[in-house]
> 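Take this structure, written in structure tokens, and hold onto it; I'll ask about it next.
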Amino acid sequence: MWSGVLPAVTTKFTSEDALDHKEMERCFGLLMDAGCDGLIVAGSLGEGPMLSHEEKLQVLKTAQGVAGGKPVLMTVNEAATRDGAELARRAAAAGADGLMIVPSPIYHTDDRETVATLKAVAAAGGLPVMIYSNRIAYRVDVTVPVMEALAGDELFVAVKESCDDIRRTTDIINAFGDRFAVLTGVDNLAFEALAAGAVGWVAGLVTAFPRETVAIYKLMKAGRLDEARAIYRWFRPLLDLDVSTYLVQNIKLAEAIEIGSNERVRMPRQPLEGARRAQVEKTVRAAIASRPELPAV
């Protein structure tokens, strides 16, 4: 149901810590102009756990106004299933095209609890669901057996596979064929996942470098692997910034340098400083100085 490059967008704040809708419109517009295939709001990169439900719905509305009819998904990453179900209902009423559901990021559910939570939130929203499988960040692994328990529910249509084991993409396809759309959620495994059969990329560094991200995806799908690989090798130091405790600050700094945005984050996060900041700046500026010419796709 979903394929292509779907950015997990950042949430923009004013200096007073309110939502900066004007800046989000500008930044989301750059993604659409570059050929991205939809938007996902209020995820990990979007600082979803730091936003109220009302704020999440406001970001959703802003994204919908820019997406030009392409799908806009709401991330549900609430600690309590009850709260996740409530957000799912409100997102559906607000016209979201789908949900990306994270099992509780606080309590580490077992398989039975994971299935029950995902089903409860999906049923409350009644929208197509992308399962967010990320055992590294959230300590919950949505394995093939868990997906087998969900396969009979038509609301579950896709998985953002972020378990950090590239073999999982093949495992899912071998187990289910095309029952679930598999999208990679790890920036620095994107080439490998797309080569293994993933149909989409839920991307992070795309928010600063959208044209390069879209080019890699399109070249891969066109079978032009050598050209895609060359861009990917250039991109890898940047993509590594997504796989970090500081991914939000890393990527917002990259956005500030590359697209003239800002680094404002919601506390307890704070912008990078010191040696960590210097290293990220060095990585971003070195990439900009050596960026490749993109081939026509």
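Residue numbers count from 1 along this sequence.
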> I need the minimum non-hydrogen distance between Gly125 and Ala92, along with the two atoms involved.
O-CB, 3.3 Å
> May I ask you to test the Tyr132-Asn77 pair for a side-chain heavy-atom distance under 4.5 Å?
no
> Compare all side-chain heavy atoms of Leu241 with those of Val284 and state whether any distance is below 4.5 angstrom.
yes
> Working to the nearest 0.5 Å, report the span between CH2 of Trp234 and CD1 of Ile216.
8.0 Å
> Backbone N or O of Arg276 within a donor-acceptor pair of the Gln279 side chain at under 3.5 Å?
no
> Do you know the tightest heavy-atom contact between Leu57 and Ala94?
CD2-CB, 4.2 Å
> If two hydrophobic side chains count as joined below 4.5 Å and joins carry through other members, does Val72 share a cluster with Val9?
yes
> With rounding to the nearest 0.5 angstrom, report the CD to NZ distance, Glu47 to Lys56.
11.5 Å
> Any donor-acceptor pair under 3.5 Å linking the side-chain atoms of Thr207 with those of Glu255?
yes
> Quick check for you: to the nearest 0.5 Å, what is the distance between Met74 atom CE and Leu87 atom CG?
5.0 Å
> When you measure from the side chain of Thr75 to the backbone N and O of Met100, does any donor-acceptor pair fall under 3.5 Å?
no
> Take atom CZ of Arg179 as the centre, draw a 6.0 Å sphere, and report whether it contains more than 12 heavy atoms from other residues, nucleotides or ligands.
yes
> Look up atom CD in Gln58 and atom CG in Leu19, then write down how far apart they are to the nearest 0.5 Å.
5.5 Å
> Within a reach of under 6.0 Å around CZ of Phe176, are more than 12 heavy atoms found that belong to other residues, nucleotides or ligands?
yes
> Is any side-chain heavy atom of Val206 closer than 4.5 Å to a side-chain heavy atom of Val5?
yes
> Dump the intermediate steps for side chain to side chain contact (heavy atoms under 4.5 Å, CB included) on Arg269 and Met50, then the final yes or no.
CA-CA 10 Å; Arg269 287 187 176 91; Met50 311 302 172; 3.7 Å; yes
> Search all heavy atoms of Pro103 against all heavy atoms of Thr109 and return the closest pair with its distance.
CB-OG1, 4.1 Å
> Near Lys221 NZ, under 6.0 Å, is it more than 12 heavy atoms from other residues, nucleotides or ligands?
yes
> What side chain to side chain donor-acceptor pair (under 3.5 Å) pairs are there with at least one residue in residues 61-72, not counting sequence neighbours?
His21-Thr62
> Can you list the steps and then say if Arg135 with Asp165 is a side chain to side chain contact (heavy atoms under 4.5 Å, CB included)?
CA-CA 10 Å; Arg135 66 186 180 189; Asp165 183 348; 3.7 Å; yes
> So, taking the atom named CG in Leu225 and the one named CD in Glu227, what distance separates them when rounded to the nearest 0.5 Å?
10.0 Å
> For Cys36 and Phe28: C-alpha separation, side-chain torsions, deciding distance, then whether side chain to side chain contact (heavy atoms under 4.5 Å, CB included) applies.
CA-CA 10 Å; Cys36 292; Phe28 299 169; over 6 Å; no
> I'd like to check Val66 versus Met24 (side-chain heavy atoms, cut-off strictly below 4.5 Å). Are they in contact?
no
> If a pair satisfies ring pair (Phe, Tyr, Trp, His ring centres under 6.0 Å) and one of its residues is in residues 53-91, list it, with sequence neighbours excluded.
none
> Going by heavy atoms in the side chains, are Leu205 and Thr213 under 4.5 Å from each other?
no
> With side chains defined as the heavy atoms from C-beta onward, is the minimum distance between Ser133 and Arg168 less than 4.5 Å?
yes
> Where is the tightest heavy-atom contact between Asn134 and Ser162, given as atom of each residue plus distance?
OD1-O, 3.6 Å
> So, Lys22 and Glu25, do they make that salt bridge, N to O below 4.0 Å?
no
> Pair Phe180, Glu161 - check side chain to side chain contact (heavy atoms under 4.5 Å, CB included), show working.
CA-CA 11 Å; Phe180 296 99; Glu161 177 43 56; over 6 Å; no
> Apply salt bridge (charged side-chain N to carboxylate O under 4.0 Å, His left out) to Arg264 and Glu23, showing your working.
CA-CA 12 Å; Arg264 297 184 191 111; Glu23 180 61 1; over 6 Å; no
> Short question: side chain of Arg224, backbone of Leu219 - any donor-acceptor pair under 3.5 Å?
no
> For salt bridge (charged side-chain N to carboxylate O under 4.0 Å, His left out), just list the numbers for Asp20 and Lys12, CA-CA rounded to whole Å, side-chain angles, deciding distance to a tenth of an Å, and then say yes or no.
CA-CA 5 Å; Asp20 188 342; Lys12 297 300 181 182; over 6 Å; no
> So Asn250 and Asp242, do their side chains get closer than 4.5 Å, heavy atoms only?
no
> Step through the shown structure and confirm whether more than 12 heavy atoms of other residues, nucleotides or ligands are within 6.0 Å of CZ on Arg26.
yes
> Is Tyr217 reachable from Val186 through a run of hydrophobic residues whose side-chain heavy atoms are each under 4.5 Å from the next?
no
> For Ala85 versus Val121, what's the shortest heavy-atom pair and its separation?
N-CG2, 4.0 Å
> Where is the tightest heavy-atom contact between Ala91 and Leu99, given as atom of each residue plus distance?
CB-CD2, 4.0 Å
> Are Phe156 and Val144 connected into the same hydrophobic cluster when the rule is that any two of I, L, V, M, F, W, Y join if their side-chain heavy atoms are below 4.5 Å apart?
yes
> Does Asn188 offer a backbone N or O that forms a donor-acceptor pair with the side chain of Tyr232 under 3.5 Å?
yes
> Hey, what do you get for CZ (Phe209) to CZ (Arg291), rounding to the nearest 0.5 Å?
5.5 Å
> Would you say CG of Asp178 has more than 12 non-hydrogen atoms from neighbouring residues, nucleotides or ligands within 6.0 angstrom?
no
> Quick one: are the ring centres of Phe191 and Phe235 less than 6.0 Å apart?
no
> In the single-linkage hydrophobic clustering (I, L, V, M, F, W, Y; side-chain heavy atoms under 4.5 Å), do Ile101 and Ile172 co-cluster?
yes
> Does one hydrophobic cluster hold both Met32 and Leu73, with members joined at side-chain heavy-atom distances below 4.5 Å?
no
> Got a donor-acceptor contact below 3.5 angstrom from the Lys218 side chain to the Gly4 backbone?
no
> Taking C-beta and beyond as the side chain, do Cys27 and Thr10 meet within less than 4.5 Å on heavy atoms?
no
